[in-house]
Amino acid sequence: MNKVYIDKLSGHVNKEVQINGWLYNSRSSGKIAFLMVRDGSGIIQGVVSKSDVSEEVFTSIGDLTQESSLSIIGKIVEDSRSESGYEMHVSDIIIHQIADEYPISLKEHGTSFLMDNRHLWVRSKKQNAILRIRHTIIKACRDFLDNNDFILVDTPIFTPTSCEGTSNLFETDYFGRVAYLAQSGQLYSEATAVSLGRVYCFGPTFRAEKSKTRRHLTEFWMVEPEVAYADLNDNMELAERFVAYIVERVLEIRKEELKIIDRDTSKLENVVPPFPRISYTDAVEKLNSSGHKFEWGDDFGGEDETVLAELFDKPVLVHRYPAAIKAFYMKRDENDEKLALGVDMLAPEGYGEIIGGGQREDDYDTILKRLKEHKLSEKDFKWYLDLRRYGSVPHSGFGMGIERAVAWICGLKHIRETIPFPRTTHRLEP
RNA sequence: UCCUCGGUAGCUCAAUUGGCAGAGCGAGUGGCUGUUAACCACUAGGUUGGGGGUUCAAGUCCCUCCCGAGGAGCCA
């Protein structure tokens, strides 16, 4: 028997095939039964008429529970009465396992309950669609960078020191020494960028901050390109081409999935370069003149970011932040030493910062001074300082949080639905 | 860590001033040949998050602990 996936059914109309899947829902009316079967690629309605199957098979339908694993065999036909336009006239059913009473019904559930059952929740239509879009976003990140001659260089997860010396990191015992789970691969990418010119790392990142908001996870994935001989402007140009490409790919490949999750795509279609660019100082002015009080020198909070982003209809690049609120490795603006050549990209619709990056300090004496100002150990950063001793060049890069990008592109209220098994302050299971 | 809100059947929720613990869905049984979260009838299902207190009487009021959600700070 020809085994097919549901998303490939159009090539099998009027043919006898086998579909392997799970029972999504069923309805029966005495002498006819409708089995909604999902196989991961889609959902098909199997129509079982009592007169078309053996009595044994028809009786067995009564035993089927939601999420029971089964194969249905029969002829694929076009029928407008089926939601997908296709249905199967079932001639035989193979039952693999009768599922226990399934906790997730097709009715409403609370998030807490769904999160406790995340291992099952991923089977549902919307979660399935989100995971497909996430896949496409990740693939688009890789495709864009690969097609632009970036080399993927993985960076370590165990690190001896914190990258920026600011965030709380997860500590772990490393054969009697303390090691930290990486909060960024950037410092290492700065080393490999000098080897390979254009590089990126793509991996999990860990932050031990007890953040309790819809934008935070303790474990998340980040893609971080780093380019030698690139200044802040090159960096901003790269960031906007990168994000525009990702959105374009999702709109192209995941139309169906965006429909399933009710995403208004008109706002995504707008995401085409060039993106607006605005300095931190101008942004502060705009906030104040729009009636939102903000003091120069403070970092933007979630609310400030939302107000700012709402002034534009596409992602906005905010650059040249006060150096005092940025990491030690940021290069200062030669026109104003108070400013750092950093850039953040704020997504529209209140999704906040999806990209953070900038030009790195490349002068040995200056970065040594910054290390001391931030009370970081020169010894710990010896290898990093070496990069400024042997062939130092202007270089820049940024990091994009995958889950924040997924939340924005999918229009999700909460970041926890963007990753298969979210890790938050209060959740380590499942 | 701080602020706010919440925890009642497997799930989603109701329960008037402190006065008999309820519904829908799911589950079980029966019915129905075109259903679209199918429908109709019946049945089972409860230590109201834990502990303590006030009261003739507590899901409801008080204390305390636990768990969760939203927000702040921090950040992608």
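Side-chain atoms of A:S82 never come within 3.5 Å of backbone atoms of A:D79 as a donor-acceptor pair (strictly under, hydrogens ignored).
For B:C39 and B:U35, the C1' atoms lie 9 Å apart once the distance is rounded to whole Å. Spacing between B:G22 and B:G45 at atom C1', rounded to whole Å, works out to 13 Å. Taking the C1' atoms as reference points, B:G53 lies 24 Å from B:A15, given to the whole Å. Comparing the P positions of B:U60 and B:G6 gives an interatomic distance of 14 Å, to the nearest angstrom. A distance of about 12 Å separates the P atoms of B:A58 and B:C20, rounded to the whole Å. Straight-line distance between the C1' atoms of B:U55 and B:G59: roughly 16 Å, to the nearest whole Å. Taking atom C1' on both nucleotides, B:C62 is separated from B:U54 by 7 Å, rounded to a whole Å. Here, B:A14 and B:A72 have their C1' atoms 33 Å apart, quoted to the whole Å.
If you check every strand for non-hydrogen atoms under 4.0 Å, A:F113 touches sugar and phosphate atoms only. In this structure, A:L217 reaches the bases: a heavy-atom distance under 4.0 Å links it to at least one base atom across the strands shown. Using a 4.0 Å heavy-atom criterion, one finds that A:G110 contacts the sugar-phosphate atoms exclusively. Here A:M400 lies out of heavy-atom contact (under 4.0 Å) with every strand. Here A:D299 lies in heavy-atom contact (under 4.0 Å) with sugar-phosphate atoms only. Contact annotation for A:E87: base contact, defined as any heavy-atom pair under 4.0 Å involving a base atom.
Electrostatic pairing of A:E269 and A:K314 does not count as a salt bridge here, judged by no charged N lying under 4.0 Å from a carboxylate O. Note on A:K139 versus A:D143: salt bridge recorded, some NZ/NE/NH1/NH2 to OD/OE distance being below 4.0 Å. Checked for salt-bridge contact, A:E417 and A:K126 miss the test: no charged N lies under 4.0 Å from a carboxylate O. The residues A:E240 and A:R277 are annotated as salt-bridged, a charged nitrogen and a carboxylate oxygen being separated by less than 4.0 angstrom.
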What verdict does the side-chain contact (heavy atoms from CB on, under 4.5 Å) test give for A:R198 and A:N148, after you've listed the backbone C-alpha separation in whole Å, the side-chain angles of each residue and the deciding distance to 0.1 Å? CA-CA 9 Å; A:R198 282 163 289 182; A:N148 283 278; 5.6 Å; no
I would like to know whether A:R132 and A:E256 meet salt bridge (Lys or Arg N to Asp or Glu O under 4.0 Å); could you show each step before the answer? CA-CA 10 Å; A:R132 284 169 182 278; A:E256 269 309 307; over 6 Å; no
Begin from the C-alpha positions of A:H395 and A:D362 and carry the test side-chain hydrogen bond (donor to acceptor under 3.5 Å, both in side chains) through to its verdict. CA-CA 7 Å; A:H395 61 289; A:D362 50 81; 5.3 Å; no
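The CG-C1' distance, from A:N25 to B:U35, rounds to 10 Å in whole Å. The distance between atom CD1 of A:I61 and atom P of B:U33, rounded to the nearest whole Å, is 14 Å. The CE atom of A:M222 sits 10 Å away from the C1' atom of B:C75 (whole-angstrom rounding). We find that CZ of A:F34 is positioned 13 Å from C1' of B:C39, with the value rounded to whole Å. In this structure, A:F398 places its CZ atom 20 Å from P of B:C75, rounding to the nearest Å. Between A:L35 atom CG and B:U33 atom P the separation is 16 Å, expressed in whole Å. Across the protein-nucleic acid pair, A:L412 atom CG and B:A76 atom C1' stand 16 Å apart, rounded to whole Å. Rounded to a whole Å, the CZ atom of A:R27 is 10 Å from the C1' atom of B:G34.
RNA chain B forms stems at B:1-7 with B:66-72, B:10-13 with B:22-25, B:27-31 with B:39-43, B:49-53 with B:61-65, each a run of 3 or more consecutive Watson-Crick or G-U wobble pairs whose two key distances fall under 3.5 Å.
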All N/O pairs under 3.5 Å across the protein-nucleotides 68-73 of chain B interface:
unit_1: B:G68; atom_1: OP1; unit_2: A:H426; atom_2: O; d: 3.1
unit_1: B:G68; atom_1: OP2; unit_2: A:H426; atom_2: ND1; d: 3.4
unit_1: B:G70; atom_1: OP1; unit_2: A:H414; atom_2: NE2; d: 2.9
unit_1: B:G70; atom_1: OP1; unit_2: A:R416; atom_2: NH1; d: 3.2
unit_1: B:G70; atom_1: OP1; unit_2: A:R416; atom_2: NH2; d: 3.1
unit_1: B:G70; atom_1: O3'; unit_2: A:R214; atom_2: NH2; d: 3.2
unit_1: B:G71; atom_1: OP1; unit_2: A:R214; atom_2: NE; d: 2.1
unit_1: B:G71; atom_1: OP1; unit_2: A:R214; atom_2: NH2; d: 2.7
unit_1: B:G71; atom_1: OP2; unit_2: A:R214; atom_2: N; d: 2.9
unit_1: B:G71; atom_1: N7; unit_2: A:K212; atom_2: O; d: 3.0
unit_1: B:G73; atom_1: O6; unit_2: A:K212; atom_2: N; d: 3.2
unit_1: B:G73; atom_1: N1; unit_2: A:K210; atom_2: O; d: 3.3

For nucleotides 25-29 of chain B, list the nitrogen or oxygen atoms of the protein found under 3.5 Å from its nitrogen or oxygen atoms, one pair per line.
none

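Distances were taken from every side-chain heavy atom of A:S29 (C-beta onward) to each of B:U33, B:G34, B:A76; the shortest belongs to B:U33. Side-chain atoms of A:S51 lie closest to B:U33 of the nucleotides B:U33, B:C32, B:U35.
The aromatic ring centres of A:F328 and A:F381 sit less than 6.0 Å apart. For A:F300 and A:F294, the ring centers are positioned less than 6.0 Å apart.
For A:Y188, the ring-ring contact (aromatic ring centres under 6.0 Å, His included) criterion is met by A:W383, not counting sequence neighbours. For A:K326, the side-chain contact (heavy atoms from CB on, under 4.5 Å) partners are A:Y321, A:M330, A:A340, A:D344, not counting sequence neighbours. Judged as a ring-ring contact (aromatic ring centres under 6.0 Å, His included), and not counting sequence neighbours, the contacts of A:F398 are A:F242.
By the 30° and 60° cut-offs, the orientation of the rings of A:F206 relative to A:F170 is perpendicular.
Of the two residues near RNA chain B, A:S26 and A:L114, the one whose nearest nucleotide lies more 5' is A:L114.
The aromatic ring of A:F220 is stacked on the base of B:A76, with the two ring centres less than 5.5 Å apart and the planes inclined by under 30°.
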